[in-house]
Amino acid sequence: MIREYKTIREIASPLMLVKKVDEVTYDELAEIELPDGSVRRGKVLEVDRDTAVVQLFESAAGINLAESKVRFLGHPLQLGVSGDMLGRVFNGMGEPIDDGPPILAEEYKDINGLPMNPAARAYPAEFIQTGVSTIDGLNTLVRGQKLPIFSCSGLPHAALAAQIARQARVLGDAGEFAVVFAAIGITFEESEYFVQEFRRTGAIDRTVLFTNLANDPAVERIATPRMALTAAEYLAFEKDMHVLVIMTDITNYAEALREVSAAKKEVPGRRGYPGYLYTDLATMYERAGRRVGKPGSITMIPILTMPEDDKTHPIPDLTGYITEGQIILSRELHRRGICPPVDVLPSLSRLKDKGIGAGKTREDHAGTMNQLFAAYAAGKDAKELMTILGESALSDADKHYAKFAEEFEARYVNQGNDVNRSIEETLDLGWELLKLLPRSELKRVTPEQIEKYMPKDE
């Protein structure tokens, strides 16, 4: 039931106080009609007896307290969903901005979604190929997983996000694959980069793109990832598609949450962020997964820039608690021209062993992954030792490992943003690099695997 009031008492952007309301509920959508007939939207943040606090999605400029009217629509913010969303570009509120026709919605869904019953969750088990060796070979992404990318200001996480969105696919005949891309608080230039990149490569045909610009209201920034996840849930669980959700930048989302929390005069937590930041992030991240009896799935890659390159900052810290690992980008590798600059050693995918092996990737995947990781760690140590003591202080084995680390970074990590490697190419490249080491050092792969996969001398 729609109820209309002319009892606006106070506006402190982005919040508005409406008195003498009746049966208004938390999160309910509101429309504010100005004297000139234009309409702005908001949602109910708080209800105290007959007073409602409404959060505005747009500027409060021009709202006349005496003459403006507020209508409460009786339902929360919704997104009209349809299979026709694929290939389209929307703003942060789910409205088309690509000059195409309006979406003919098959149904309207609450953007907050419904919590997934833990007993209805299916365990992630299938490999997703991103075409990026450092992810596929060493920190494997599994269908239904949440694997964030921790970046720093100025690093090319946008190019990596576009590359993964372009290249990602489920191997085998596993059903249709779609990408839902949410760009949160980005510049117009970045927004155009994503749109043009997807159109240039044809990836737009299987992509639903939501873009929230830096000059859009902070409240819209909070709605954008939930719009994207609502579209993903529809495609995954009603259209039986495998959906990869990429969200960049979660830091901009958390900053908007802090801004709105400060406007509400809430008691701040760590670094001024609201105390419920963990819960709020979890309500988004936990919408990823697989459901028992449903062929579709939602796999999530949230991307965030760590303020001051600090992994202990509340945003990456809390994200790490909720998700299953993290891919970390390195400023040092970026300075040396390595692209994508994935820092292999601190990166981790907690579910990587669930999506690899015979029948999923290849029987030698686990062995080569462990051997490459161990050899690279030893090589990094050897290079540090060389810096301090000089090359003459290294043993022959240390020299082999130092040479391996250089080649590993130059050939395995440094693949560029336009190279799409299959998992077979990634594994074969790993064996080529392992050939640089004495066979006596290969202790994490079996002699049978060495005989079968190690490149033979010409």
Side-chain angles (χ1 to χ4, degrees), residues 126-142 163-164 167-172 325 327 330 333 336 338-349 351-383 394-458:
E126 289 91 16
F127 170 71
I128 288 183
Q129 180 176 291
T130 65
V132 179
S133 290
T134 45
I135 297 176
D136 293 347
L138 303 173
N139 295 290
T140 311
L141 178 65
V142 181
Q163 182 177 9
I164 293 172
Q167 298 176 176
R169 65 191 186 94
V170 177
L171 296 185
I327 304 294
S330 161
L333 291 177
R336 285 163 45 199
I338 291 174
C339 178
V342 175
D343 198 350
V344 169
L345 298 182
S347 296
L348 169 70
S349 170
L351 299 180
K352 62 187 173 185
D353 58 326
K354 305 295 185 252
I356 63 176
K360 294 179 180 177
T361 52
R362 210 167 71 182
E363 59 180 342
D364 60 315
H365 193 156
T368 54
M369 174 178 69
N370 293 332
Q371 188 66 69
L372 287 168
F373 193 90
Y376 182 52
K380 293 274 281 186
D381 288 344
K383 288 177 71 176
L394 299 185
S395 66
D396 288 341
D398 286 338
K399 291 175 184 176
H400 282 298
Y401 278 120
K403 173 68 174 172
F404 172 87
E406 289 178 7
E407 288 293 310
F408 179 81
E409 289 175 352
R411 295 173 59 192
Y412 195 96
V413 181
N414 183 32
Q415 73 174 76
N417 288 126
D418 294 313
V419 177
N420 184 3
R421 289 181 186 156
S422 68
I423 186 59
E424 289 79 13
E425 290 173 325
T426 290
L427 293 172
D428 290 344
L429 176 58
W431 280 107
E432 285 180 35
L433 291 167
L434 290 176
K435 196 175 179 185
L436 297 171
L437 299 174
R439 192 162 290 202
S440 60
E441 297 292 326
L442 304 182
K443 299 169 183 173
R444 288 172 170 79
V445 286
T446 65
E448 293 77 18
Q449 289 173 348
I450 294 174
E451 187 62 33
K452 183 174 180 180
Y453 294 108
M454 182 75 80
K456 303 292 188 290
D457 292 320
E458 296 295 333

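Values in this document were obtained by computation on a predicted structure and should not be read as measured data.
- The line from CG of Leu348 to CG of Leu138 is 11.5 Å long, rounded to the nearest 0.5 Å.
- Contact record, Phe127 with Gly355: CB-O, 3.1 Å, taken as the closest heavy-atom pair.
- Partners of Arg411 by salt bridge (charged side-chain N to carboxylate O under 4.0 Å, His left out), not counting sequence neighbours, listed by chain and number: Glu407, Glu432.
- Atom CG of Leu437 and atom NZ of Lys443 lie 11.0 Å apart (nearest 0.5 Å).
- Closest of all the heavy-atom pairs between Ile135 and Ile164 is CD1-CD1, 3.9 Å.
- Taking Thr368 as the reference, nothing meets the side chain to side chain donor-acceptor pair (under 3.5 Å) condition, with sequence neighbours excluded.
- Under the rule for a side-chain contact (heavy atoms from CB on, under 4.5 Å), the partners of Ser395 that lie at least two apart in sequence or sit in another chain are Ala397, Asp398.
- At least one donor-acceptor pair closer than 3.5 Å links the side chain of Lys360 to the backbone N or O of Lys354.
- Of all heavy-atom pairs between Gly137 and His365, the closest is O-NE2, 3.1 Å.
- At least one donor-acceptor pair closer than 3.5 Å links the side chain of Asp136 to the backbone N or O of Thr130.
- Listed by chain and residue number, nothing satisfies the salt bridge (charged side-chain N to carboxylate O under 4.0 Å, His left out) test with Glu406 (two or more places apart in sequence, or in another chain).
- Shown here are the side-chain contact (heavy atoms from CB on, under 4.5 Å) partners of Gln167, two or more places apart in sequence or in another chain: Val132, Gln163, Asn420.
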(request) List the steps, then state whether side chain to side chain donor-acceptor pair (under 3.5 Å) holds for Arg421 with Ser133. (result) CA-CA 7 Å; Arg421 289 181 186 156; Ser133 290; 2.8 Å; yes
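- Here Ile423 contributes atom CD1 and Gln129 contributes atom CD; the two are 6.5 Å apart, rounded to the nearest 0.5 Å.
- Between the OG1 atom of Thr134 and the CG atom of Leu372 there is a distance of 12.0 Å, given to the nearest 0.5 Å.
- Evaluation of the side chain to side chain donor-acceptor pair (under 3.5 Å) rule for Thr140 yields no partner, not counting sequence neighbours.
- Across every non-hydrogen atom of Asn370 and Arg444, the tightest pair is O-CD, 3.5 Å.
- Residues satisfying the ring-ring contact (aromatic ring centres under 6.0 Å, His included) criterion with Phe408, sequence neighbours excluded, are Tyr376, Phe404, Tyr412.
- Tyr453 OH to Glu424 CD: the interatomic distance, rounded to the nearest 0.5 Å, is 9.5 Å.
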(request) List the steps, then state whether side-chain contact (heavy atoms from CB on, under 4.5 Å) holds for Arg439 with Ile450. (result) CA-CA 9 Å; Arg439 192 162 290 202; Ile450 294 174; 3.5 Å; yes
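- One N or O on the side chain of Lys435 and one on the backbone of Pro455 form a donor-acceptor pair closer than 3.5 Å.
- Residues that satisfy the salt bridge (charged side-chain N to carboxylate O under 4.0 Å, His left out) test with Lys452, not counting sequence neighbours, are Glu363.
- Among residues at least two apart or in separate chains, salt bridge (charged side-chain N to carboxylate O under 4.0 Å, His left out) pairs with a member in residues 364-374 are Arg362-Asp364.
- Rounding to the nearest 0.5 angstrom, the gap separating the CG atom in Asp381 from the OH atom in Tyr401 is 11.0 Å.
- Annotation: side chain of Val445 is not in contact with side chain of Met454 (no heavy-atom distance under 4.5 Å).
- Here Glu441 pairs with nothing under the salt bridge (charged side-chain N to carboxylate O under 4.0 Å, His left out) rule; sequence neighbours left out.
- Two residues are said to be in side-chain contact when any heavy atoms from C-beta on lie closer than 4.5 Å; Val342 and Ile327 meet this criterion.
- Under a 3.5 Å cut-off, the side chain of Gln415 and the backbone N or O of Pro340 do not form any donor-acceptor pair.
- Few gaps surround NZ on Lys383; more than 12 heavy atoms of other groups in view lie less than 6.0 Å from it.
- Although no hydrogens or angles enter the test, the distance criterion places a donor-acceptor pair under 3.5 Å between the side chain of Lys456 and the main chain of Glu451.
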(message) Under the criterion side-chain contact (heavy atoms from CB on, under 4.5 Å), I'd like the reasoning laid out for Cys339 against Asn417: C-alpha separation, chi angles, the key distance, then a yes or no.
(response) CA-CA 7 Å; Cys339 178; Asn417 288 126; 3.1 Å; yes
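- Partners of Phe373 under the side-chain contact (heavy atoms from CB on, under 4.5 Å) rule, at least two apart in sequence or in another chain, are Val344, Leu345.
- With sequence neighbours excluded, the residues satisfying side-chain contact (heavy atoms from CB on, under 4.5 Å) with Ser330 are Glu332, Leu333, Asp343.
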